[in-house]
S.K.: 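Once you've had a glance at the structure underneath, I'll fire off some questions.
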Amino acid sequence: MSKSKPRIGVLALQGAFEAHASRLRSLGADVILVRKPEQLAGLDGLVIPGGESTTFLKHLERGGFFDALQQFVRETPTFGTCAGTILLATGVHNPAQRSLAAMDITVERNAYGRQNESHILETETTLPGGPLEMVYIRAPRITETGPEVSTLAERNGSPTLVRQGHLLAATFHPELSDDPRVHQLFLDMVRAARQLT
Ligand code: GLN
């Protein structure tokens, strides 16, 4: 296995990318802020941050970025948070919109209130180390999960942290809490995938 630092891209077209970048750096990753499709080459993993999924789609629809990203997420570990989860989902409602359709989940956008109703909860998860703080900002709700999706955390019976093979998705913003466990899980997934190649 290569002992070099994992190269993790953070999609930096808009939204909350800087907090992801500094968390990943503090956990030992080399971080590349991705603004062009060519920058996907050579990455070991990618974070698609929160923001506004419709705005992401507008940026992605230029210069073949959408198609390049769709191909990338089929094969390479990718972690979506909030708007990133909406982009990864196969089904998107409220309203329906285009997505990368990489993960077998259906989401309802803006299910947990308006911007000024953003809030923080502490919830048990399957991660070791006790309850996890979860920051929700106009978050989507995962309404359906396919058979290959495992649920690592829930809120009132709806999954909030899910994994399907090399893909991880959270409806909350782990980069805005001090707890590094969700990013650490993603880096563990990246390291495990690198051992296979
Ligand atoms: N409401 C946003 C959307 O639908 C997501 C919000 C977020 O990423 N914090 O794209």
Side-chain angles (χ1 to χ4, degrees), residues 8-24 31 33-35 45-62 65-66 69-70 72-73 77-123 125 132-145 149 151-156 158-164 167-183 185-186:
I8 308 294
V10 179
L11 198 63
L13 298 173
Q14 61 111 209
F17 54 85
E18 210 28 81
H20 280 290
S22 54
R23 173 64 48 80
L24 291 163
V31 175
L33 297 181
V34 175
R35 296 195 167 93
L46 179 73
V47 172
I48 307 181
E52 197 55 46
S53 53
T54 47
T55 311
F56 273 115
L57 284 171
K58 277 192 201 121
H59 287 290
L60 289 172
E61 268 151 20
R62 294 188 202 122
F65 208 157
F66 186 94
L69 187 59
Q70 191 161 44
F72 179 93
V73 303
T78 300
F79 175 25
T81 57
C82 206
T85 295
I86 296 169
L87 288 178
L88 287 175
T90 298
V92 180
H93 297 293
N94 191 36
Q97 67 188 26
R98 197 177 178 206
S99 67
L100 298 166
M103 214 174 187
D104 194 6
I105 57 174
T106 300
V107 298
E108 179 195 347
R109 293 180 59 206
N110 300 318
Y112 293 120
R114 301 155 68 91
Q115 188 87 41
N116 59 7
E117 292 162 11
S118 302
H119 52 280
I120 301 176
L121 296 179
E122 272 211 353
T123 316
T125 75
L132 184 75
E133 180 183 275
M134 298 184 186
V135 179
Y136 293 91
I137 306 172
R138 293 183 70 220
R141 190 164 68 93
I142 297 174
T143 55
E144 285 168 56
T145 55
V149 176
T151 295
L152 312 184
E154 294 184 336
R155 166 179 181 178
N156 299 335
S158 301
T160 56
L161 179 63
V162 289
R163 177 175 177 179
Q164 181 182 347
L167 301 173
L168 183 67
T171 58
F172 56 97
H173 286 260
E175 78 285 7
L176 298 181
S177 298
D178 290 334
D179 193 323
R181 281 180 287 166
V182 182
H183 289 83
L185 168 65
F186 179 59

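Just follow the structure's listing: the first ligand is 1, and inside any ligand the first atom is 1.
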S.K.: Checking Gln164 side chain against Asp104 main chain: does a donor-acceptor pair fall under 3.5 Å?
M.R.: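 Looks like yes, one N/O pair under 3.5 Å.
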S.K.: Tell me whether Arg181 is salt-bridged to Glu133, with the criterion being a basic N under 4.0 Å from an acidic carboxylate O.
M.R.: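 No.
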S.K.: Are Arg155 and Tyr136 in a cation-pi setup, meaning NZ or CZ lies under 6.0 angstrom from the ring centre and within 45 degrees of the ring axis?
M.R.: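 Judged by the rule, Arg155 and Tyr136 form a cation-pi pair.
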S.K.: Heavy-atom contacts with ligand 1 below 4.0 Å: which residues, ordered by chain and residue number?
M.R.: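 Residues within 4.0 Å of ligand 1: Gly50, Gly51, Glu52, Ser53, Cys82, Ala83, Ile86, Arg109, Asn110, Ile137, Arg138, His173.
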S.K.: For Glu108, check side-chain hydrogen bond (donor to acceptor under 3.5 Å, both in side chains) against everything at least two apart and list the hits.
M.R.: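 Listed in chain order: Arg141.
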S.K.: Using the test side-chain hydrogen bond (donor to acceptor under 3.5 Å, both in side chains), find all partners of Glu154 that sit at least two apart in sequence or belong to another chain.
M.R.: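 Once residues adjacent in sequence are excluded, Glu154 has no partner under the side-chain hydrogen bond (donor to acceptor under 3.5 Å, both in side chains) criterion.
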S.K.: Mind jotting down which residue pairs meet the salt bridge (Lys or Arg N to Asp or Glu O under 4.0 Å) criterion with at least one end in residues 88-97? Sequence neighbours excluded, please.
M.R.: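 Counting only pairs at least two positions apart or across chains, no salt bridge (Lys or Arg N to Asp or Glu O under 4.0 Å) contact touches residues 88-97.
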